[in-house]
Amino acid sequence: MHGEYKVPGGKLVVVDLDVDDSGAEGRLKGVQISGDFFLEPDEALGRITAALEGAPAELSANALAERVQGALLPGDVPFGITPEGVGIAVRRALGKAVDWDLIDFDVIHGPSVDPMINVAMDETLVEEVAAGRRKPFMRLWEWNAPQVVIGSFQSYENEINQEGVERFGITVSRRVTGGGAMFMEPGNCVTYSLVIPQALVDGLSFAQSYPFLDEWTMEALEKVGIKAHYVPLNDISSQVGKIGGAAQKRFNNGYMVHHVTMSYDIDADKMMQVLRIGKEKVRDKGHRSAVKRVDPMRSQTGRPREEILDVFYNVFKEKYSATDGVITDHDLDVAAERCRTKFSTAEWTHRLP
């Protein structure tokens, strides 16, 4: 059994092993750890291997990492290798965790839909993937009217200026994921949803999973001229300002949605009339005004939004050997019905008044 894991910002960890099924529970045997990492002294590798030899095959990645950590001595110097990385590589070797290369992806752009539909599809399409009726995918959003999407746990009254919503004809929807409010007019954002098995992030903390799932996004941003980085927990920023943020929801069916919204050309004055952005949030981000909190991609790239979307589409397609996918009429009908029964209802939108 063979498993590999590239430690973010570090090196490749490779684990080869077998499982001894002769007892009541399977146990690891013949464990070998290799890779392009650095580790001093050499004897530390033997201690790590010994700590995993005979371990129950059903241990979680975190439990395996604890065994590795316990084998390290104060003077050991691991560089490019982490206990968590070893644990994930073991889980991948056992088939309990998966790598990007083992997932057959679709990549989808659009279609342009009513504002609520995109939010509903972040739930209904996850169900389709979990049921085996659709492949995991990355979907670039398009929408045909202005909207504000608030996080699952945000208070409507604390986040929304109702007078501004009515003045500009804004649709307000509540999504299934946490995080902050997104002000989205047609053509002013780059937004995507990524639907994947949770096994892809097995062994990663929530904080670690965000930059891990958006590694390809950083490559796409670099291709359009933006050198971006993560600001924990979920902000994506460049040297000249915040670009956007990520959010995710893990479902009981074993799948999850991870999505990102990045500002392209925000009407900041209108946004400030629609959203209530608290002083604490502004102070926490270290900016003097809320308007300065969002730096549009247009000003940093000089490229049309359509060109940026093409780069994102093609980077994901090429990196993960994805195939072109579509949203069907059936998908839209299911999402519209979910809007009727959940996402368009006052009970959902105002569930936290």
Glu157 atom CD, neighbour heavy-atom count above 12 within 6.0 Å: no
So CG of Leu221 and NE2 of His229: to nearest 0.5 Å the spacing works out to 11.5 Å
Is there side-chain contact between Val260 and Thr191, with heavy atoms separated by less than 4.5 Å? no
Is it true that a side-chain atom of Glu159 and a backbone atom of Ile150 form a donor plus acceptor pair closer than 3.5 Å? no
Nearest 0.5 Å, please: how far is CE in Met297 from SG in Cys189? 10.0 Å
State whether the side chain of Thr345 and the backbone N or O of Thr341 hold a donor-acceptor pair below 3.5 Å, judged by distance alone. no
Under 30°, 30 to 60°, or over 60°: which ring-plane class applies to Phe105 and Tyr320, parallel, tilted or perpendicular? tilted
Which heavy atom of Ile266 sits nearest a heavy atom of Phe183, and at what distance? CD1-O, 3.6 Å
Salt bridge (charged side-chain N to carboxylate O under 4.0 Å, His left out) between Arg167 and Glu163, intermediate numbers included: CA-CA 6 Å; Arg167 179 186 308 127; Glu163 180 181 345; 3.0 Å; yes
Output yes when Lys29 and Glu53 qualify as a salt bridge under the 4.0 Å nitrogen-oxygen rule, no when they do not. no
Please tell me whether Asn118 and Arg139 have a donor and an acceptor in their side chains that are separated by less than 3.5 angstrom. yes
Are Val201 and Tyr210 grouped together when hydrophobic residues (ILVMFWY) are joined by side-chain heavy atoms under 4.5 angstrom apart? yes
Within the 3.5 Å criterion, strictly below it, is a donor on Glu127 or Tyr255 matched to an acceptor on the partner's side chain? no
Check whether the side chains of Asn144 and Ser112 place a donor and an acceptor atom closer than 3.5 Å, and report yes or no. no
With a sphere of 6.0 Å drawn around CG of Asp329, does it hold more than 12 non-hydrogen atoms of other residues, nucleotides or ligands? no
In this structure, are over 12 heavy atoms from other groups packed under 6.0 Å from Lys319 atom NZ? yes
Whether the Tyr230 and Asp214 side chains hold a donor-acceptor pair (N or O, under 3.5 Å, no angle test) is what I'd like checked. yes
Interatomic spacing from CG in Asp267 to CE in Met271 - rounded to 0.5 Å: 9.0 Å
Please report the C-alpha distance between Glu123 and Lys249 in whole Å, then the side-chain angles of each, then the deciding distance to 0.1 Å, and finally whether the salt bridge (charged side-chain N to carboxylate O under 4.0 Å, His left out) criterion is met. CA-CA 9 Å; Glu123 182 172 90; Lys249 166 74 174 179; over 6 Å; no
Aromatic Trp348 / basic Lys342 pairing, under 6.0 angstrom, 45° off normal: yes
Rounded distance [0.5 Å steps], CD1 in Ile226 versus NZ in Lys223: 14.0 Å
From Lys317 NZ over to Ile108 CD1, what is the distance, rounded to the nearest 0.5 angstrom? 12.5 Å
For a side chain to side chain contact (heavy atoms under 4.5 Å, CB included) check, start with the C-alpha distance between Thr217 and Glu215, then their side-chain angles and the critical distance, and finish with the verdict. CA-CA 5 Å; Thr217 307; Glu215 283 183 353; over 6 Å; no
Under 3.5 Å, is there a donor-acceptor pair linking the side chains of Ser22 and Asp20? yes
Heavy-atom side-chain contact between Asp104 and Phe137 under 4.5 Å: no
State, yes or no, whether a side-chain contact exists between Leu204 and Ile88 at a heavy-atom distance under 4.5 Å. yes
Heavy-atom closest pair, residues Ala89 and Val13: CB-O, 3.9 Å
Quick check with a 6.0 Å cut-off and a 45 degree axis cone: is Arg250 positioned over the face of Phe206's six-membered ring? yes
State, yes or no, whether a side-chain contact exists between Leu59 and Arg67 at a heavy-atom distance under 4.5 Å. yes
Closest approach of Leu52 to Leu64 (non-hydrogen atoms, all atoms of both residues): CD2-CD2, 3.9 Å
Carefully, step by step, assess Glu40 and Asp76 under the rule side chain to side chain contact (heavy atoms under 4.5 Å, CB included). CA-CA 6 Å; Glu40 296 290 346; Asp76 293 344; over 6 Å; no
Hey, is the main chain of Val231 close enough, under 3.5 Å, to the side chain of Asp235 for a donor-acceptor pair? no
Let's go through Ile48 and Leu39 carefully: what are the C-alpha distance in whole Å and the side-chain angles of both, what is the deciding distance for side chain to side chain contact (heavy atoms under 4.5 Å, CB included) to 0.1 Å, and is it a yes or a no? CA-CA 11 Å; Ile48 292 173; Leu39 182 61; 4.1 Å; yes
Val126 and Met256: side chain to side chain contact (heavy atoms under 4.5 Å, CB included), yes or no, with the steps? CA-CA 7 Å; Val126 175; Met256 62 183 289; over 6 Å; no
Consider only side-chain N and O atoms of Arg351 and Ser152, and report whether a donor and an acceptor are under 3.5 Å apart. yes
Can you name the closest pair of heavy atoms from Ser155 and Pro353 and give their distance? OG-O, 2.5 Å
Does NZ or CZ of Lys270 lie under 6.0 Å from the centre of the six-membered ring of Phe168, at an angle within 45° of the ring axis? yes
Is it the case that over 12 heavy atoms from other parts of the model lie below 6.0 angstrom from the CD atom of Gln239? no
Describe, in one word, how the ring planes of Trp216 and Phe312 are oriented to each other, choosing from parallel (under 30°), tilted (30 to 60°) and perpendicular (over 60°). perpendicular
Is there a chain of hydrophobic side chains (I, L, V, M, F, W, Y, each step under 4.5 Å between heavy atoms) that links Met218 to Val311? yes
Considering all heavy atoms, the nearest Pro136-Val195 contact: CB-O, 3.3 Å
Check whether any side-chain heavy atom of Ile160 sits under 4.5 Å from a side-chain heavy atom of Arg276, and report yes or no. no
According to a hydrophobic-cluster definition based on side-chain heavy atoms being under 4.5 Å apart (Ile, Leu, Val, Met, Phe, Trp, Tyr only), do Trp141 and Tyr264 belong together? no
Donor on one side chain, acceptor on other, Gln32 and Thr49, under 3.5 Å: no
Looking at every heavy atom in both Arg175 and Val149, which two are closest together, and how far apart are they? NH1-O, 3.1 Å
Kindly determine whether Lys6 and Glu4 satisfy salt bridge (charged side-chain N to carboxylate O under 4.0 Å, His left out), including the steps that lead there. CA-CA 7 Å; Lys6 172 67 167 58; Glu4 299 182 1; over 6 Å; no
Is Val129 linked to Leu200 within one hydrophobic cluster, defined over Ile, Leu, Val, Met, Phe, Trp and Tyr using a side-chain heavy-atom separation of less than 4.5 Å? no
Any side-chain to backbone donor/acceptor pair from Arg174 onto Gly151? Under 3.5 Å, distance only. yes
Do Thr328 and Asp331 come close enough that some side-chain heavy atom pair is under 4.5 Å? yes
Apply the side-chain contact (heavy atoms from CB on, under 4.5 Å) test between Tyr192 and each candidate in His259, His109, Met262; give the one that qualifies. Met262
Is Val315 reachable from Ile243 through a run of I, L, V, M, F, W or Y residues, each pair having side-chain heavy atoms under 4.5 Å apart? yes
Has Thr349 got a side-chain atom pairing as donor or acceptor with Ala346's backbone, closer than 3.5 angstrom? no
For the pair Lys135 and Asp106, evaluate salt bridge (charged side-chain N to carboxylate O under 4.0 Å, His left out) and give the outcome as yes or no after the intermediate values. CA-CA 6 Å; Lys135 296 192 296 185; Asp106 273 345; 3.1 Å; yes
Interatomic spacing from CG in Asn161 to CD1 in Ile170 - rounded to 0.5 Å: 11.0 Å
